[in-house]
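See below for the structure under consideration.
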Amino acid sequence: MIASTSKTYRAGLGLTSLGLLLAGLAAQHSATPGAPPAFWALAALPLMALAARPPLLVVVRSAPVLFGLGVLAACVPFLQHGVRGTHRWLRVDRFSMQPAEFLKVALVLILAWGLGRREQPRGPREAALLAGLVGAAVLPTLLSPDLGTSLVLVLVAATMLAHERFTPGGRALAALAGVVGVPLFARFGLHSYQKARIAHFLAGDDPLGAGYQSAQALRLVASGGPLGEGLGSWAGLEPHPLPQASNDFILAVWGHETGLLGVAAVLCGLALLVGLLLRVAAAATGAPRRVATGVAALFFWQSALNVAMVFGLLPVVGVPLPLISQGGSALAACAFALALGWAATRDEPRTA
Amino acid sequence: MRAIEEDPRPALSLLPFGVLAVSVFALLLGRAAELQLGERASRAQAQVAAKRQRVTTLQAPRGRVLGARGQVLAEDRLERDLLVTPSRVNAAGVDALALRLGLGEAAREALRARLAAMPPNKRHLPVVVRRGLTAGELEKLRGEKIAGVQIEEVYRRHYPGERLSYPGLFPVGRLFSPLLGHVGRAGAGREGKAGVERRYDEQLRGAPGRHKEPSSRWVKGEPEEITPATPGRDVELTIDGALQKDALLALLEARTQSGAAIVLNPKTGAVLASVSIPAVSPGVLPGGHGHQTPGDRPWLDRTRQLAHPPGALVTPFVALAASEEDLTESRTCKGYMLVGKRIFRCTHSHGKLNTEQAIAQSCLMFSYDVGANIGLDALGDVLRQSGMVGSVGYPLGEPASAMPNRAWYGDPFRLGFTLASSVGQGNVRVSPLGVAVAYAALANGGRVLTPRLEAASPITERGRLPSLDRLPMIRRALVARGKEIASSLTLLEHPPHGVAATRASGQVSFQQEGGLHDVGWFAGWAPADEPEAVVVVRVETGERSAAVEAGMKILDRTTKHEEP
């Protein structure tokens with residue numbers, strides 16, 4: 001990659017991330033009245049720059065270790081007491097984190113590593129091995145239960161694999177895995193509350209029960225109008241109509257306060273981020289290309305699922321909006337993913 | 001790690017994915033425009049606008065409870081509380097608050113610890129850190145506002161004598177509790193929970209108002225009153241505050257820790273004083289609800305909610321029953337009576353005496369004899385007619401009482417049941433209010449009046465005593481007994497004269513103490529010929545004579561008080 005172009009990409013990635021982070025800060029401050037602004041979140045940017053310093057290939061070579069640690073971390077919560085019936089949080093003393101967030105990045109790395117180990121086109125054996133890696137990441141996440149993250153993992157993996165060459169046998173195996181896996185998951189993998197959310201979405205009823213958050217979010221986004229009610233106006237709503245608004249439904253807060261103008265800015269920011277990552281991927285080859293593609297897919301699917309959920313186009317699945325939603329684990333994982341995309345802008349040897 | 005040769009063919013194009021991404025973002029932007037432009041947005045804005053105004057309820061002050069002489073027995077006072085919201089106050093704010101309130105280092109640390117201890121999900125709620133700020137404290141808190149600190153105005157109920165204490169006997173109680181009762185907390189609507197506060201709640205409560213204000217500092221607008229609060233109406237009682245205090249002091253000076261006294265105007269049925277001890281402010285119940293000793297249950301209004309055997313207080317009414325059955329001939333008291341193998345004793349051998357003498361000397365043989373002749377049910381009828389047993393129509397609730405009949409005992413029925421009841425023992429139970437109504441009827445010429453508590457309520461006659469022609473004789477007997485009782489009192493400096501009175505003791509079995517326990521009774525009126533006040537006292541602990549001592553003192557004081 002030409003040095004000046006890569007600098008442009010880096011600057012673009014950095015500035016877009018900063019803009020989204022600031023929007024997130026403002027929205028979170030409104031969504032949690034009384035809490036001090038989370039300025040610490042801005043530390044994600046220097047950390048991102050720091051994490052981008054090691055050569056990307058070195059990071060990709062250590063993918064098996066990182067992925068193994070990620071899967072292990074996702075399994076440890078099952079040995080701990082659950083939080084409200086879930087095992088999503090790994091707790092050590094007063095510190096807690098969501099391993100599934102890091103598992104998303106680890107999956108991108110392990111797939112980039114695995115795809116670089118075999119010549120193309122890949123046969124059924126390679127396809128099965130890759131499917132096994134995806135399954136190892138999805139299974140603990142799904143059991144935790146975290147439907148949204150599982151969905152993101154599957155979609156990111158599918159996007160990365162879709163850009164690789166497979167033999168007809170390999171493609172058939174991947175299709176078979178999808179045809180068998182989806183009905184099995186729908187029958188046995190969904191919890192009752194998840195089924196209720198999907199049922200509400202399809203039927204459009206129960207606005208005070210399973211569909212409460214969705215209905216409230218829609219109303220609040222709509223109430224923003226073209227220019228919004230003004231920053232901080234969320235805090236004036238009493239009682240606060242959207243529980244846990246600072247997490248997955250942060251866009252409803254932002255949409256209420258900044259209106260269509262603010263929503264459009266955030267969507268453009270996210271689209272720009274994905275576009276830049278795809279441009280980086282298109283300009284790179286080998287592992288950097290795969291990593292950049294994976295990171296672009298990660299940001300795209302997370303953003304699309306979250307925004308569609310808030311806008312009532314999808315059932316509530318629980319996916320945070322990258323760089324904007326509250327949550328240290330999600331933010332750190334996003335920063336790490338962006339650091340990988342940043343690193344992919346550098347010239348690298350064409351082997352992995 | 002083994003290096004793999006890169007595939008020489010060009011990589012698969014990312015264009016489809018790029019097109020997908022652009023399409024999805026465009027679709028989402030279109031959806032945002034659909035939601036945030038047009039009629040849907042207007043509708044949602046109107047719905048959300050309603051949430052920008054906080055509608056609060058304005059407390060309505062409860063009406064006052066007034067005594068017969070216009071004394072205030074209960075009233076609402078506007079107080080100011082200091083509230084701190086933990087999530088909005090910082091360390092500097094706490095320091096500034098402590099400085100203005102003049103808190104010491106320990107108090108400041110305690111305040112800080114209390115605010116820090118609030119759980120995260122409640123930190124946005126204000127905490128009351130000081131109730132009822134004084135004028136001086138309010139003055140100090142004026143000036144620059146401290147973030148997270150606010151002053152709230154609340155109405156609180158106040159009762160005179162609510163901190164009355166009597167060292168050694170009566171820890172802390174209320175002069176008018178449990179007669180007046182209490183009200184609920186502000187959040188629960190401050191409805192009357194017991195006593196007068198509950199009975200006249202509809203009149204006292206008033207109607208709360210509604211007030212609208214911007215829900216936060218980010219919302220523009222001025223506070224606005226939607227509907228004003230309507231204060232409650234006053235209730236004027238027949239209670240004489242000064243006499244109430246005298247009655248309480250008389251009980252306390254008689255060194256009893258558990259008892260009741262009631263003063264009734266026999267001509268009007270007005271309740272002039274109603275005292276019950278122990279009595280404490282709600283929420284300060286010593287020993288808990290399950291504690292079973294004579295001195296317990298301070299929440300009970302003992303003038304009506306606790307019944308005991310009346311003992312010889314029933315003798316005048318036994319005499320009335322005897323007149324009904326024409327059993328008024330003279331009798332000879334040998335000091336005992338043999339029924340089967342059981343001996344029923346009198347206090348001593350009175351010799352030959354007529355009905356008047358029997359009442360004056362409280363001869364048990366007379367009651368046994370009449371009871372045996374008229375039977376249990378006839379005796380019960382007279383007690384019920386007099387108001388001593390059964391309903392009397394008291395506004396705060398009927399007095400507790402029990403008068404078993406023959407059917408209640410079932411078979412085999414023993415004569416002993418009747419004999420015990422005829423001397424006010426056994427299973428007969430009465431409360432001071434019922435006794436006061438019955439003795440008021442003796443005093444006023446036989447009219448059984450409904451006890452009145454509200455000054456504006458009409459005088460209601462519930463019935464008449466039987467054998468009214470025998471009343472003068474009974475009154476003479478009680479005057480004679482009153483003289484005897486007064487002369488036996490050595491503790492009183494000036495025992496009252498010209499009173500009609502009697503005393504009695506009721507036997508109550510206490511299982512925990514494994515035996516019988518006597519409660520002391522006193523009932524009387526003064527002046528003897530023109531009765532103005534009927535006094536009934538019951539003491540459940542201490543000397544039996546304490547009831548007489550307290551009763552005489554109260555009677556003495558009633559003659560010194562002007563009739564309200």
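Numbers restart at 1 for each chain; the letters A, B, ... are given by sequence-line order, proteins then strands. Hydrogens, waters and symmetry mates play no part in the numbers below; they use all other heavy atoms, side chains included.
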| message | At a heavy-atom distance under 4.5 Å, which candidate from A:G259, A:A304, A:G275, A:G230 has the highest pair count against chain B? | response | A:G259
| request: Sort A:V274 into side chain, backbone, both or neither according to what part of it lies under 4.5 angstrom from a heavy atom of chain B. | output: side chain
| field | Proximal component of A:A162, with respect to chain B [non-hydrogen, under 4.5 Å] | value | backbone
Output the distance between atom [atom1] ([X]) and atom [atom2] ([Y]), rounded to the nearest 0.5 Å.
X	Y	atom1	atom2	result
A:R219	B:R40	CZ	CZ	10.0 Å
B:F17	A:L278	CZ	CG	5.5 Å
A:F311	B:L29	CZ	CG	8.0 Å

| Given side chains that start at C-beta, do those of A:L313 and B:L28 come closer than 4.5 Å, heavy atoms only? | yes
| message | For B:A44 versus A:A222, what's the shortest heavy-atom pair and its separation? | response | CB-CB, 3.7 Å
Is it the backbone or the side chain of [X] that comes under 4.5 Å from a heavy atom of chain A, or both, or neither?
X	value
B:L15	neither
B:S42	neither
B:L37	side chain

| With distance as the sole test, does B:Q36 use its side chain to make a donor-acceptor pair with the main-chain N or O of A:L260 at under 3.5 Å? | yes
Just checking [X]: does its [atom1] atom have more than 12 heavy atoms from other residues, nucleotides or ligands closer to it than 6.0 angstrom?
X	atom1	value
A:L261	CG	no
B:R80	CZ	yes
B:E202	CD	no
B:E105	CD	yes

